[in-house]
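Heads up: the structure comes next, in structure tokens.
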Amino acid sequence: MKRILASIVCITMLLCSISVSALATNTEFVDTAIVEDVISSFSEIAEVDIDANATVSITDSYISIEKENIDGVPETTYIVGIEKTEDGLQKINPNALTKEIQSRGSYQQTVYYRNLLITSRIYMTVTFTVTYSQYNGTASSYIYRPSGVSAYWTAGSYTPNITVSDFYVYYDSCGELVQFPACNTASDLSSLVVESDYSHTITLYRSSPTAGTTYSSYSSLASNRALWFANAYFHGSSVSFDIDTSQGTYTDSVDLGRSY
């Protein structure tokens, strides 16, 4: 199966998200409750537990959960909902769900409609976790060393018998390849660039993956190298998917931004 071109994958934008900790802004209580419940519904379908120390965000592409693992390594878990359309399987926009729900009227009415909508639209979820090291250097806070990606898929309640034959995940990072750890203390990072617009890809593939089973792949940079996300528009990280299912083929990517 042909994957999305790396040159396209590496064109990422700054991550714009709504943190759960900031949900109680100028919105009414009903809006806050709906957003929190959309997060709860997605995490329940994907079978992800969200603890009190996690930072949860919504973007147009996914729900994200940022935290440190038991070894103190930062990791971010992403939940992508997939729906069935006339054109095949497509990514669900959680923010669009929220806006659509908010226009429905009273809270009592939206509760019923929201649950019906999410139950019927989600054919499957893909939950993936990226692991990385991020350094706050003297000259830049965007020093980054990707290390691994883990992923699993879960059937939606509307399609409990859906199966997956081929499961590809590509974790791409693109930036200036710099000398490490000198980049953490240098005042001029440009003098440490080894290769410009360097792409590092971690590939995960499984044939006939079992629903709910986590698969992982790891590939670190050389111990004396790191990525410097110097360009806000062309540098950053993305995850791409190629998935063959009994309900159709899903091919898409999500931009993770320059930092987490």
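Positions are given from 1, in the same order as the sequence printed here.
With hydrogens and angles left out, the side-chain atoms of T201 and D172 include a donor and acceptor closer than 3.5 Å. A side-chain donor-acceptor contact under 3.5 Å links S238 and D255.
Atom CD of E44 has 12 or fewer heavy atoms from other residues, nucleotides or ligands within 6.0 Å. For D51, the CG atom sits in a packed shell: over 12 heavy atoms of surrounding residues, nucleotides or ligands are nearer than 6.0 Å.
Side-chain contact between T55 and I65: absent, with no pair of heavy atoms (C-beta onward) separated by less than 4.5 Å. In this structure the side chain of T76 never reaches within 4.5 angstrom of the side chain of T129, judged on heavy atoms. Contact annotation: the side chain of V178 never approaches that of L227 to less than 4.5 Å [non-hydrogen atoms, C-beta and beyond]. Residues N184 and I143 have side chains in contact (heavy-atom distance under 4.5 Å, counting atoms from C-beta outward). Side chains of I39 and I58 form a contact here, defined as non-hydrogen atoms less than 4.5 Å apart. Y171 is listed as a side-chain neighbour of S237, based on a closest heavy-atom distance under 4.5 Å. Looking at V239 and L256, their side chains come closer than 4.5 Å, going by heavy atoms from C-beta outward. When side chains are defined from C-beta on, I243 counts as touching V164, because their heavy atoms get closer than 4.5 Å.
In this structure, H200 NE2 and R225 CZ are separated by 13.5 Å, a value rounded to the nearest 0.5 Å. Annotation: the span from Y142 atom OH to L189 atom CG amounts to 13.5 Å, rounded to 0.5 Å. Rounded to the nearest 0.5 Å, atoms OG1 (T213) and CZ (F167) are 10.5 Å apart. The structure places CD1 of I79 at 7.0 Å from OG1 of T125, a figure rounded to the nearest 0.5 Å. Rounded to the nearest 0.5 angstrom, Q90 CD and T85 OG1 are separated by 3.5 Å. Note that the OG1 atom of T154 and the CE atom of M124 stand 8.0 Å from one another [nearest 0.5 Å].
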Would Y205 and D242 satisfy side-chain hydrogen bond (donor to acceptor under 3.5 Å, both in side chains), going step by step from the backbone distance to the final call? CA-CA 9 Å; Y205 169 73; D242 286 334; over 6 Å; no
Going through the checks in order, is the ring-ring contact (aromatic ring centres under 6.0 Å, His included) test met by Y144 and Y132? CA-CA 7 Å; Y144 181 68; Y132 53 90; 5.5 Å; yes
Step by step, would you call I92 with L97 a side-chain contact (heavy atoms from CB on, under 4.5 Å)? CA-CA 8 Å; I92 292 175; L97 278 180; 4.0 Å; yes
Compile the donor-acceptor pairs under 3.5 Å between side chains in residues 215-223 and protein atoms, sequence neighbours left out, one pair per line.
from: Y215; atom 1: OH; to: T210; atom 2: N; distance (Å): 2.9
from: S216; atom 1: OG; to: S150; atom 2: OG; distance (Å): 2.6
from: S217; atom 1: OG; to: T203; atom 2: O; distance (Å): 2.8

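A parallel orientation is assigned to the rings of F128 and Y78, their planes being inclined by less than 30° (bins at 30° and 60°).
Proximity of a side-chain donor or acceptor of S246 to a complementary backbone N or O of T163 within less than 3.5 Å is detected. The backbone N or O of D197 sits less than 3.5 Å from a side-chain atom of E176, completing a donor-acceptor pair. At distances below 3.5 Å, not a single donor-acceptor pair connects side-chain atoms of H235 with backbone N or O atoms of C174. Of the possible donor and acceptor atoms, none in the side chain of T159 sits under 3.5 Å from a partner among the backbone N and O of I162. In terms of modelled atom types and a separation under 3.5 Å, the side chain of S147 and the main chain of T131 share a donor-acceptor contact. Between the side chain of S41 and the backbone N or O of D37 there is at least one donor-acceptor pair closer than 3.5 Å. Remark: side-chain polar atoms of K91 are paired, donor with acceptor, to backbone N or O of S253 under 3.5 angstrom. A distance-only check finds a donor-acceptor pair linking the side chain of Y152 to the backbone of A46 [under 3.5 Å]. Between the side chain of K84 and the backbone N or O of Q247 there is at least one donor-acceptor pair closer than 3.5 Å.
Under the 6.0 Å distance and 45° angle rule, R145 counts as a cation-pi partner of F180.
Across W153 and P209, no two heavy atoms sit closer than the pair NE1-O, 3.1 Å. Contact detail for Y250 and D252: the closest heavy-atom pair is OH-CB, 3.3 Å.
For the side chain to side chain donor-acceptor pair (under 3.5 Å) test, residues two or more places apart in sequence or in another chain that qualify with S190 are D188. In this view, E83 and R121 satisfy the side chain to side chain donor-acceptor pair (under 3.5 Å) rule, not counting sequence neighbours.
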